[in-house]
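Labels below follow one simple rule: chain letters A, B, ... track the order of the sequence lines, proteins then strands, and each chain is numbered from 1. The shown structure was predicted, so the numbers you read here are calculated from the model rather than taken from an experiment.
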2 protein chains.
Amino acid sequence: MGKLREMLDADCGLPAALEVMGERWSFLILRAAFNGLSHFEEFLSGLGIARKILSNRLAKLVEHGILERTPQADDRRRVAYTLTPKGLDLLPAMLALRQWGVKYGLGVQSDLVLVDCRDHRPIAPIGIHAHDGRPIAYADLKWLYRTDVGEP
Amino acid sequence: MGKLREMLDADCGLPAALEVMGERWSFLILRAAFNGLSHFEEFLSGLGIARKILSNRLAKLVEHGILERTPQADDRRRVAYTLTPKGLDLLPAMLALRQWGVKYGLGVQSDLVLVDCRDHRPIAPIGIHAHDGRPIAYADLKWLYRTDVGEP
DNA sequence: CGGTATCCACATGGATACTG
DNA sequence: CAGTATCCATGTGGATACCG
């Protein structure tokens, strides 16, 4: 993979991403949010997480702009946590991780499949693609300096 | 997203994936492995991780079949940790996470870009695609029972 | 070189009780 | 309902020393 070694030096956004999502519960809370859960007690009972940890994680996710905290208009005690665009953008990463887990037979076998609602066929495995959509193999990847790329 | 709520009930492979990769250093060690690092001391100085933690994480990654531990033929004290196919399969998840971090301006701006070596153009953002390669929007996803999918 | 062993600080996580 | 407060056990992480 050639120049890939340099990926190490660059603080490549991965450590930054992990700062938020690297904590054990963060992805599970995110998944729950994708599932439509939005209230404290829903997360609490849905995930089996400790109140303190949930409180802490929600605050961190809000702080990082992944969830948005909005008190209800009717009952101001009631608070809804909803995904921001930034949070929604984590779906590919989450699905990639999930697919990996499924592929290697970890966890419980589910009989639910994520499909494209247009043709009711399962989505493709999340993978690496060239700018034009061609799948790329691991061996065909290379690091280049921004100034050396073909067309911007 | 309709039936997505059921994703919660299913132990969908995500928790299983997180059991290994959910620990803070796991992804960083993996990234280092992708960068070509393979020896204990390389990881140690490359990552600035504590010996004990590194030892523990490497053992766990090996135990889960993500890294392979092979003592060198010439010097049996020397051990190489290399990515297994299962480990290599984590690249999309890692890149998706990394791209997310980069997209939202987290971490240090790198001047290195991952490109397809055939045309030297940056790879596409990791995303969700239908079986035939069409990109799918979040709103077009749906959960179906395995028995209800179009063609297997 | 590739680890254990030890010590210590602090974070994580669970349980439970309390509050506005 | 959505937290905060408290207690406690265990895990994480760093530093350092030691070992085959």
Side-chain angles (χ1 to χ4, degrees), chain A residues 11 14-33 35-64 66-83 87, chain B residues 11 14-33 35-64 66-83 87:
Chain A
D11 179 2
L14 181 64
L18 292 174
E19 194 175 322
V20 215
M21 302 311 297
E23 272 150 331
R24 248 189 299 285
W25 284 106
S26 301
F27 265 108
L28 281 317
I29 293 174
L30 196 76
R31 178 184 63 160
N35 284 333
L37 304 201
S38 62
H39 300 296
F40 193 90
E41 308 281 323
E42 286 179 326
F43 289 115
L44 196 67
S45 63
L47 297 174
I49 184 176
R51 301 183 83 84
K52 192 174 60 167
I53 307 298
L54 177 58
S55 174
N56 183 293
R57 289 302 170 280
L58 285 176
K60 218 170 248 184
L61 288 167
V62 168
E63 181 190 327
H64 283 85
I66 292 164
L67 293 180
E68 195 175 11
R69 195 195 121 104
T70 50
Q72 280 347 34
D74 49 336
D75 181 358
R76 295 261 302 292
R77 292 184 324 179
R78 216 172 149 72
V79 173
Y81 293 93
T82 54
L83 287 160
Chain B
D11 179 2
L14 181 65
L18 291 174
E19 194 176 322
V20 215
M21 301 311 297
E23 273 150 331
R24 248 188 298 285
W25 284 107
S26 300
F27 264 108
L28 281 317
I29 294 174
L30 197 76
R31 179 184 63 160
N35 283 332
L37 304 201
S38 62
H39 300 296
F40 192 91
E41 309 280 323
E42 286 179 326
F43 289 114
L44 196 66
S45 63
L47 296 174
I49 185 178
R51 302 183 81 85
K52 192 173 61 168
I53 307 298
L54 176 59
S55 173
N56 183 293
R57 290 300 169 279
L58 285 176
K60 218 169 245 184
L61 288 167
V62 167
E63 181 190 327
H64 283 84
I66 293 165
L67 294 179
E68 194 175 13
R69 195 194 123 105
T70 50
Q72 276 354 28
D74 49 336
D75 180 359
R76 294 262 301 294
R77 291 185 323 178
R78 217 173 148 72
V79 172
Y81 293 93
T82 53
L83 286 160

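With sequence neighbours left out, A:S45 forms a side chain to side chain contact (heavy atoms under 4.5 Å, CB included) with no residue at all. Under the rule for a side chain to side chain contact (heavy atoms under 4.5 Å, CB included), the partners of B:R57 that lie at least two apart in sequence or sit in another chain are B:E23, B:W25, B:S26, B:I29, B:I53. Take A:D75 and apply the side chain to side chain contact (heavy atoms under 4.5 Å, CB included) test, not counting sequence neighbours, and it matches A:R77, A:R78. Taking the side chain to side chain contact (heavy atoms under 4.5 Å, CB included) definition, one finds that A:T82 meets it with A:E68, sequence neighbours left out.
For C:dT4, one of the phosphate oxygens OP1 or OP2 lies less than 4.0 angstrom from a side-chain nitrogen or oxygen of B:S55. Taking side-chain N and O atoms only, B:H39 has a distance below 4.0 Å to OP1 or OP2 of C:dG2.
The two residues B:A32 and B:L47 have their closest heavy-atom pair at CB-CD2, 4.2 Å. Between B:R24 and A:L18, the closest heavy-atom pair is O-CD1, 4.2 Å. Nearest approach of B:I49 to B:L44, heavy atoms of both residues: O-CD1, 3.3 Å.
Residue-to-nucleotide proximity on DNA chain C shows that, of A:G48 and B:L58, the 5′-proximal contact is made by B:L58.
One cannot find a donor-acceptor pair under 3.5 Å joining the base of D:dA15 and the side-chain atoms of B:R51.
We find that CG of A:L28 is positioned 11 Å from P of C:dG14, with the value rounded to whole Å. Atom CD in B:E41 sits roughly 13 Å away from atom C1' in C:dT4 (whole-Å rounding). Residue A:L47 contributes atom CG, which lies 14 Å from atom P of C:dA15 at whole-angstrom precision. Separating the CD atom of A:E42 from the C1' atom of D:dG3 is a distance of 16 Å, rounded to the nearest angstrom. For B:F43 and C:dC1, the CZ to P distance is 14 Å, given to the nearest whole Å. One interatomic measurement links the two molecules: CD1 of B:I29 to P of D:dT12, which rounds to 12 Å at whole-angstrom precision. Rounded to whole Å, the distance from CG on A:L54 to C1' on D:dG3 is 10 Å.
With C:dG2, C:dA17, D:dC1 as the choices, the nucleotide that has an atom nearest any side-chain atom of B:R69 turns out to be C:dG2. Side chain of B:R77, nearest nucleotide from D:dG20, D:dT16, D:dC1: D:dG20. Picking from C:dG2, D:dA2, D:dG14 the nucleotide with the shortest atom distance to the side chain of A:R78 gives D:dA2. The side chain of A:I49 lies closest to C:dG14 when the candidates are C:dG2, C:dG14, D:dG3.
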Can you tabulate the close N/O pairs, meaning under 3.5 Å, that link protein atoms to atoms of nucleotides 10-12 of chain C?
| from | atom 1 | to | atom 2 | distance (Å) |
| --- | --- | --- | --- | --- |
| C:dT12 | OP1 | A:E23 | OE2 | 2.6 |

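Overall bending of the helix from C:dC1-D:dG20 to C:dG20-D:dC1, expressed as the angle between end axes built from five pairs apiece, is 40° (10° steps).
Atom CG of A:N35 is separated from atom CG of A:L28 by 10.5 Å, given to the nearest 0.5 angstrom.
Counting only heavy atoms from C-beta outward, the side chains of B:V79 and B:T70 never approach each other to under 4.5 Å. Here the side chains of A:K60 and A:M21 are not in contact, with every heavy-atom distance at 4.5 Å or above.
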